[in-house]
Amino acid sequence: MKLKSTIDAIISKALHSANIQNPNLSVTKAAKKEFGDFQYNGAMGLAKKLQTNPREIATSITTHIDAEIIEKVEIAGAGFINIWLKNSWLSSELKKISQDECLGIEKAQTKENIIVDYSGPNMAKEMHVGHLRSTIIGDTLANLFEFLGHNVIRQNHIGDWGTQFGMLVAYLEELQSSGDFQENLKDLEEFYKLAKKRFDEDAAFADKAREYVVKIQSGDAHCLKLWKRFIDISLAHCEEVYQKLHIKLTRDDVKAESYYNDMLSQVVQKLDAMSMLSVSEGAKCVFLPFSDIPLIVQKSDGGYLYATTDLGALWYRNDTLKADKILYVVDARQNEHFKSVFWVAKEAKMVRDDVVLKHIAFGTMMNEQGKPFKTRDGGTLKLTDLIDEAIIRAKNTLKDKEDAQGIEHKAKTIGIGALKYADLSVNRESNYIFNWDRMLSFDGNTALYMQYAYARIQSIIRKYVGTFDGDIKIESESERALALALLDFEDVLYKSAHECMPNHITGYLYELATLFMRFYEQSPILKEGIDGETKISRLLLSKITADTIKQGLAILGIETLEQI
RNA sequence: GCGCUCGUAGCUCAGCUGGAUAGAGCACUCGCCUUCUAAGCGAGCGGUCUUAGGUUCGAAUCCUAACGGGCGUACCA
């Protein structure tokens with residue numbers, strides 16, 4: 001149910017009947033309860049344009065409002081139009097939602113091919129906290145667009161082609177005699193350190209490492225085989241992390257940097273053919289109208305750079321994947337890079353003009369001192385360790401530790417949920433301060449509060465014996481507020497998708513859960529003295545709430561629990 | 001130097017296509033469990049929305065500048 005657009009349509013019709021042209025139509029949710037359910041603030045602006053009195057305009061609009069679903073319309077203040085909806089309409093809409101698997105949410109009108117590029121770990125090292133936000137936010141956006149009916153293509157642009165791989169492969173070869181690959185590569189951080197040490201200390205080894213980079217990139221069979229083996233094991237590490245976090249990325253989604261290797265020379269040729277290329281200080285680059293520094297696509301030594309790879313990927317995504325929209329879920333620090341790459345891709349016609357290219361930027365994860373997140377000794381914190389800690393901490397917060405079997409699953413669900421939710425609930429563009437206690441709290445805008453609300457509802461439903469046949473009656477204030485919130489889900493999802501802002505969803509779920517808690521306190525459901533009709537009505541409200549929370553969390557990649 | 005970005009309650013954050021008295025949570029104070037999960041609910045306390053201009057009937061929101069923090073600044077990704 002698109003509540004807002006339904007009311008938009010009503011106002012639009014009224015404006016039309018009143019003979020008023022208004023391109024900037026927009027109703028908003030009422031700022032306060034006293035101002036109704038929705039408000040239209042356009043009369044003031046219109047009055048200005050038409051040189052009349054805003055209240056007159058408002059009156060003219062309201063007299064032309066003609067809709068079954070509206071209970072009451074009022075003009076207030078300077079010319080605000082406040083709108084109340086009929087309870088009977090809310091009831092019947094809710095009833096429809098309760099009978100629909102997708103909670104009455106319509107699929108997007110035009111199905112688009114949406115590419116979400118996220119996670120993108122570097123194969124030379126193990127995943128660390130720096131990869132967390134991209135992975136979590138990207139997966140959520142992919143889920144969201146999928147849920148709204150789009151064709152989502154997840155792309156994991158892993159880093160497998162840098163200069164470090166010569167060193168790593170050369171070192172791997174050396175170790176071949178002692179121990180197997182799996183064992184040597186069990187701890188990639190350690191392996192990298194050892195290889196680096198070897199590189200720094202032994203000139204002969206360093207030369208070999210450099211030689212191997214060239215060999216890998218030019219397709220030497222021996223080196224390539226070792227390299228593939230290395231990537232395979234490193235990728236398996238990532239997949240463990242994805243599994244732990246319930247991230248939906250699979251091998252099919254992997255399109256590594258190396259995948260675009262063959263396209264790189266064509267990228268440069270294309271830019272040349274478009275007369276966009278300049279040679280500056282020996283490097284081939286594109287000068288940009290909005291920047292002092294050019295985008296370098298080929299180094300003076302002939303090597304290519306990540307800009308070249310990104311252009312190749314854009315080209316591929318346009319031509320082969322037929323993308324309508326490409327989202328890059330990458331750290332905000334790469335803002336300028338993407339601005340440049342997008343501009344060049346469009347200018348060079350590698351990407352159709354109407355393809356939407358968006359850098360979904362996010363801020364840095366900070367510790368409590370406001371510094372970038374590191375381990376106590378200043379190193380990077382492995383993601384797998386962070387996840388394990390989340391689970392342990394979740395376990396410690398659980399009251400009921402008796403249930404030995406259930407506790408592991410509960411701790412995982414709660415710990416992972418907390419970790420993800422904390423990240424998703426802040427505006428992704430700002431830096432965010434990581435705090436265990438806050439994210440694992442039952443209070444406030446946390447995953448656990450939502451999971452608790454859900455479990456509470458399930459507990460009631462379990463206790464109830466009988467059918468759910470009946471109508472939804474909206475009688476009290478708390479029921480009404482809950483009903484309105486439930487009908488708002490669709491608008492929230494579309495808004496969140498439009499802006500690529502998952503925190504709109506978390507904010508909504510928190511408000512919904514809060515409204516439910518209030519309703520729960522005030523409206524007994526199964527208690528004695530509650531008549532059958534009321535019981536079913538309240539059960540239905542509870543059930544839709546639970547379904548909405550479950551669906552909302554599912555989009556965020558967070559699971560619910562039947563009991564906590 | 002230039003560019004990007006942020007600056008809202010003691011703390012962590014919402015709100016930013018301009019709208020009525022700027023919202024939550026934490027912390028602090030107080031009230032509510034023989035009653036569906038009190039891991040909850042309610043009430044109170046707490047604000048020069050960094051500052052100064054500007055646009056507007058109306059600005060936390062848009063524009064300009066200053067100050068303060070973070071980041072980026074051509075052959076790493």
Side-chain angles (χ1 to χ4, degrees), chain A residues 24 26 28 30-32 34-35 39 41-45 47-48 54 76-80 82 120 122 124 157 159 161-164 257 280-285 287 290-301 303-307 309-310 330-337 339-340 361 363-364 366 368 370-372 397-400 422 425-427 429-433 435 437-438 441-446 448-449 451-453 455-464 499 503-504 506-507 510-511 514 517-528 530 538-539 542 563-564:
Chain A
N24 299 321
S26 186
T28 50
K32 283 170 182 287
E34 307 89 86
F35 302 156
Q39 58 183 71
N41 304 334
M44 280 85 79
K48 171 88 182 180
F80 298 96
N82 297 338
N122 186 335
H157 191 84
W161 211 234
T163 39
Q164 323 96 312
E257 280 175 359
S280 175
E281 295 172 32
K284 289 183 181 167
C285 47
F287 281 89
F290 49 83
S291 174
D292 294 335
I293 50 168
L295 187 75
I296 298 182
V297 291
Q298 189 169 16
K299 297 192 281 184
S300 46
D301 68 3
Y304 299 104
L305 298 102
Y306 75 127
T309 312
D310 280 339
V330 182
D331 194 297
R333 280 174 291 195
Q334 297 203 33
N335 208 313
E336 272 113 333
H337 167 70
K339 192 180 170 196
S340 306
T364 314
M366 306 289 205
E368 262 137 293
K371 302 285 176 208
T397 65
L398 285 172
K399 259 184 185 172
D400 174 22
S425 60
V426 294
N427 184 322
E429 285 174 337
S430 44
N431 293 344
Y432 105 94
I433 299 190
N435 180 303
D437 293 333
R438 210 183 305 134
S441 168
F442 273 91
D443 300 313
N445 190 6
T446 65
L448 191 44
Y449 181 83
Q451 287 165 330
Y452 176 65
R456 254 181 143 176
I457 297 172
Q458 294 313 305
S459 166
I460 298 167
I461 291 174
R462 271 196 302 276
K463 282 202 171 72
Y464 173 71
E499 294 170 16
N503 66 314
H504 291 314
T506 59
Y510 177 56
E511 198 190 325
T514 305
M517 293 291 196
R518 198 169 302 159
F519 158 78
Y520 174 93
E521 297 284 332
Q522 293 174 10
S523 314
I525 302 169
L526 301 180
K527 291 178 184 175
E528 265 182 58
I530 304 298
R538 290 179 177 168
L539 275 165
S542 303
Q563 278 179 57
I564 292 181

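Here is how names work: the chains are called A, B, and so on, in the same order as the sequence lines, proteins then strands, and each is numbered from 1.
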Original post:
For A/Asn435, which residues count as a side-chain hydrogen bond (donor to acceptor under 3.5 Å, both in side chains) partner, sequence neighbours excluded?
Top reply: A/Glu368
Subject >> Syn/anti state of B/C16 by chi, 90° boundary around 0 >> reply: anti
Original post:
Partners of A/Gln451 by side-chain contact (heavy atoms from CB on, under 4.5 Å), sequence neighbours excluded?
Top reply: A/Thr413, A/Ile414, A/Ala447, A/Leu448, A/Leu553, A/Ile558, A/Ile564
Original post:
With sugar-phosphate meaning primed atoms plus P, OP1 and OP2, does A/Ile525 contact a base, only sugar-phosphate, or nothing at under 4.0 Å between heavy atoms?
Top reply: base
For nucleotides 17-27 of chain B, print each protein N/O atom paired with a nucleotide N/O atom at under 3.5 Å, atom names and distance only.
residue, atom, partner, partner atom, Å
B/G19, O6, A/Gly45, N, 3.4
B/A20, N7, A/Gln39, NE2, 3.4
B/A20, N6, A/Gln39, OE1, 3.3
B/A20, N6, A/Asn82, OD1, 2.5
B/A20, N6, A/Asn82, ND2, 3.4
B/A20, N1, A/Asn82, ND2, 3.4

Original post:
Nearest-Å distance, CD (A/Gln451) to P (B/U37)?
Top reply: 18 Å
Original post:
Got A/Leu295 and A/Leu305 here, is their nearest side-chain heavy-atom distance under 4.5 Å?
Top reply: no
Subject >> side-chain contact (heavy atoms from CB on, under 4.5 Å) against A/Glu511, all qualifying residues, sequence neighbours excluded >> reply: A/Leu515
**OP:** For A/Gln39, check side-chain hydrogen bond (donor to acceptor under 3.5 Å, both in side chains) against everything at least two apart and list the hits.
**Re:** A/Asn41
**OP:** Among the candidates B/A14, B/C13, B/U35, find the nucleotide nearest to the side-chain atoms of A/Asn427.
**Re:** B/A14
Original post:
In whole Å, what is the span from the CD atom of A/Gln164 to the P atom of B/A77?
Top reply: 9 Å
Subject >> Atom pair distance, as rounded to whole Å: OH in A/Tyr520 and P in B/U35 >> reply: 11 Å
Nucleotide N/O to protein N/O under 3.5 Å, stretch nucleotides 1-10 of chain B:
residue, atom, partner, partner atom, Å
B/G3, O2', A/Glu336, OE2, 3.3

Original post:
What pairs with A/Gln563 under side-chain hydrogen bond (donor to acceptor under 3.5 Å, both in side chains), at least two apart in sequence or on another chain?
Top reply: none
Subject >> Dot-bracket pairing map - RNA chain B, Watson-Crick plus G-U, both contacts under 3.5 Å, | cross-strand >> reply: (((((((..((((.....[...)))).(((((.......))))).....(((((..]....))))))))))))....
Which atoms of nucleotides 30-34 of chain B (N or O only) lie under 3.5 Å from a protein N or O atom, and what are those distances?
none

Subject >> Sequence-distant partners of A/Glu521, side-chain hydrogen bond (donor to acceptor under 3.5 Å, both in side chains), two or more places apart >> reply: none
I'd like a list of close polar pairs between nucleotides 67-70 of chain B and the protein, N/O only, cut-off under 3.5 Å.
none

Original post:
Do the side chain of A/Ser340 and the main chain of A/Glu336 share a donor and acceptor less than 3.5 angstrom apart?
Top reply: yes
Subject >> Heavy atoms of other groups near A/Asp292 CG, more than 12 under 6.0 Å >> reply: no
Original post:
Side-chain N or O of A/Asn435 less than 4.0 angstrom from OP1 or OP2 on B/C13?
Top reply: no
Original post:
Which residues pass the side-chain contact (heavy atoms from CB on, under 4.5 Å) test with A/Tyr449, sequence neighbours left out?
Top reply: A/Thr446, A/Tyr510, A/Ala513, A/Thr514, A/Met517
Original post:
Closer than 4.0 Å, any side-chain N/O of A/Tyr449 to the OP1 or OP2 of B/C41?
Top reply: yes
Original post:
Nearest-Å distance, OH (A/Tyr464) to P (B/C36)?
Top reply: 19 Å
